[in-house]
Visitor: 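One structure, as structure tokens, below. Some questions next.
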Amino acid sequence: MTGVALFSRAKHQAYTPSLQLVPQVLAGSRLAIARMISRAEANYLEAADALAEIYKHTGNAHIIGITGVPGAGKSTLVSSLIKSLTSDGRKVGVVAVDPSSPFSGGAILGDRVRMNDAAEANQAFVRSMATRGHLGGLAPSTLQAVDVLDAAGYSPIIIETVGVGQDEVEIVSAAHTIVVLSPPGLGDDIQAIKAGILEIADIHVVSKADKPEAGAAVAALKGMLSLGATRPNSTWVSPVLAVSSVSGEHLESLKSSIDRHWKHLQDSGELVDRRRNNCRTRIFNMARHSFQHRFQEHADVLEAQLQAVVNREVDPQSAAQVLLSWNVKS
Ligand SMILES: Nc1nc2c(ncn2[C@@H]2O[C@H](COP(=O)(O)OP(=O)(O)OP(=O)(O)O)[C@@H](O)[C@H]2O)c(=O)[nH]1
Ligand SMILES: [Mg+2]
């Protein structure tokens, strides 16, 4: 079996080392970008050298996070934004984090097809990533995909994540501008859950503004915001916009608010702090993922410590210290 697999790969598809793809990524090759993101998604540790090289060329893109409850209209809005932004001549990148099933781990094809329809030739690059539920939150490869697009000259780069848990909080660690979508007609219970994510919004969008209930949703949202759900340490006042991807209503206002927020971050100096915080969160995220990954591969080492803690022979703090100082060679 293995022999056949190796033979067919050698024959049909010569393997290019990830590091060799870097110059092509920087030159904007769509094929190289796609392959590099796939490498990150398959095994970001294997692609680490290439990703480290790519990181040196990042920091130019405006990264926009779009989040909201399932079905809020995020993908439809992103499609509309792609059309509008590319018609301005901008190279738009999109990384959509799909709510993949923990069983299949698959990305939802529909979103990809729909958004790719909107991706004008060579002006937009759309990529769906599976979340791979077991570790939770934004996978490191999601932010690495953003790095790849940033290094390749895409800006803005939009990250779409479903806001149902930690994701919308983690999106703060990735993006410069956060857009939170609230669809009209949600029940009070969902409104309450949503309250937690309101304070991360730089821009509030009541989606599906063509629906009759949209006016009430705007009023309800403004009511909640008047209670003080604003982002701390900022002089920015988050606008509330009622946007319809169907009629196009206020789509241009959304675009200009996004641009205005980016300018505000630069002019006020808040961008420096935000970048620093984003980097800090990324380091800790990466450390956590690497740690968990290591003991997936060496489950016996973890298991020994676990059993010792269960047996009360070792305390959790000491076990953690043993695992932190453990390395493959020891
Ligand atoms: N009337 C109306 N319907 C909309 C609008 N935008 C999206 N929809 C509909 O709302 C449904 C969900 O839209 P999506 O864009 O897939 O929502 P989403 O937030 O990406 O959904 P998930 O990725 O599954 O969380 C679809 O049936 C859309 O056609 C809008 O502006 N007006
Ligand atoms: Mg979607």
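The analysis underlying the following values was restricted to heavy atoms, covering all of them including side chains, and did not include hydrogens, waters or symmetry mates. Just so you know, ligand 1 is whichever comes first in the structure, and atom 1 is the first atom listed for that ligand. A quick note: this is a predicted structure, and the numbers were derived from the prediction, not measured. Nothing fancy with the numbering, it's 1 onward along the sequence.
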Visitor: Determine all donor-acceptor pairs shorter than 3.5 Å in which one atom belongs to a side chain in residues 205-213; sequence neighbours excluded.
Guide:
residue	atom	partner	partner atom	Å
Ser207	OG	Ala72	O	2.7
Lys208	NZ	Gly71	O	2.9
Asp210	OD1	Ser244	OG	2.7

Visitor: May I ask whether Ser207 places a heavy atom under 4.0 Å from ligand 1?
Guide: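 Not so, Ser207 does not reach ligand 1.
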
Visitor: Let me confirm one number: the CD-CE distance from Gln144 to Met129, rounded to the nearest 0.5 Å.
Guide: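 Going from CD on Gln144 over to CE on Met129, the span is 8.0 Å.
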
Visitor: Should Lys56 and Asp147 count as an ion pair when the cut-off is N to O under 4.0 Å?
Guide: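 No, no charged N to carboxylate O under 4.0 Å.
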
Visitor: Determine which of the N, O or S atoms in Glu160 is closest to the Mg ion (ligand 2) and give its atom name.
Guide: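 It is OE2 of Glu160.
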
Visitor: Do any nitrogen or oxygen atoms of Lys211 come within less than 3.5 Å of a nitrogen or oxygen of ligand 1?
Guide: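 In fact, backbone or side chain, Lys211 has no N or O that close.
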
Visitor: Counting only heavy atoms from other residues, nucleotides and ligands, does the tally under 6.0 Å from CD of Glu313 exceed 12?
Guide: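 Yes, CD of Glu313 has more than 12 neighbouring heavy atoms, counting only those of other groups under 6.0 Å.
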
Visitor: Once you round to the nearest 0.5 Å, how far does CG of Leu77 lie from CD1 of Ile66?
Guide: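 Result: 5.0 Å between the selected atoms.
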
Visitor: Do any of the N, O or S atoms of Thr76 sit under 2.8 Å from the Mg ion (ligand 2)?
Guide: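 So Thr76 does not bind the Mg ion (ligand 2) by this criterion.
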
Visitor: Would one find an N or O of Gly71, backbone or side chain, under 3.5 Å from an N or O of ligand 1?
Guide: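 Indeed, backbone or side chain, Gly71 has an N or O that close.
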
Visitor: Select one of side chain, backbone, both or neither to describe which atoms of Asp210 lie under 4.0 Å from any atom of ligand 1, heavy atoms only.
Guide: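 For Asp210, the contact with ligand 1 is made by the side chain alone.
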
Visitor: Should Val243 be counted as touching ligand 1, given the test is an N or O pair under 3.5 Å?
Guide: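 No.
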
Visitor: Once side chain to side chain contact (heavy atoms under 4.5 Å, CB included) is applied, do any residues pair with Pro23, and if so which ones, sequence neighbours excluded?
Guide: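 Counting only residues at least two positions away or on another chain, Pro23 forms no side chain to side chain contact (heavy atoms under 4.5 Å, CB included).
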
Visitor: Does any N/O atom on Ala72 come nearer than 3.5 Å to any N/O atom on ligand 1?
Guide: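 It does: an N or O of Ala72 is found under 3.5 Å from an N or O of ligand 1.
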
Visitor: Taking a cutoff of less than 4.0 Å between a non-hydrogen atom of the residue and any ligand atom, is Gly68 in contact with ligand 1?
Guide: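 No, that is not the case, since the closest heavy atom of the residue is not under 4.0 Å from the ligand.
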
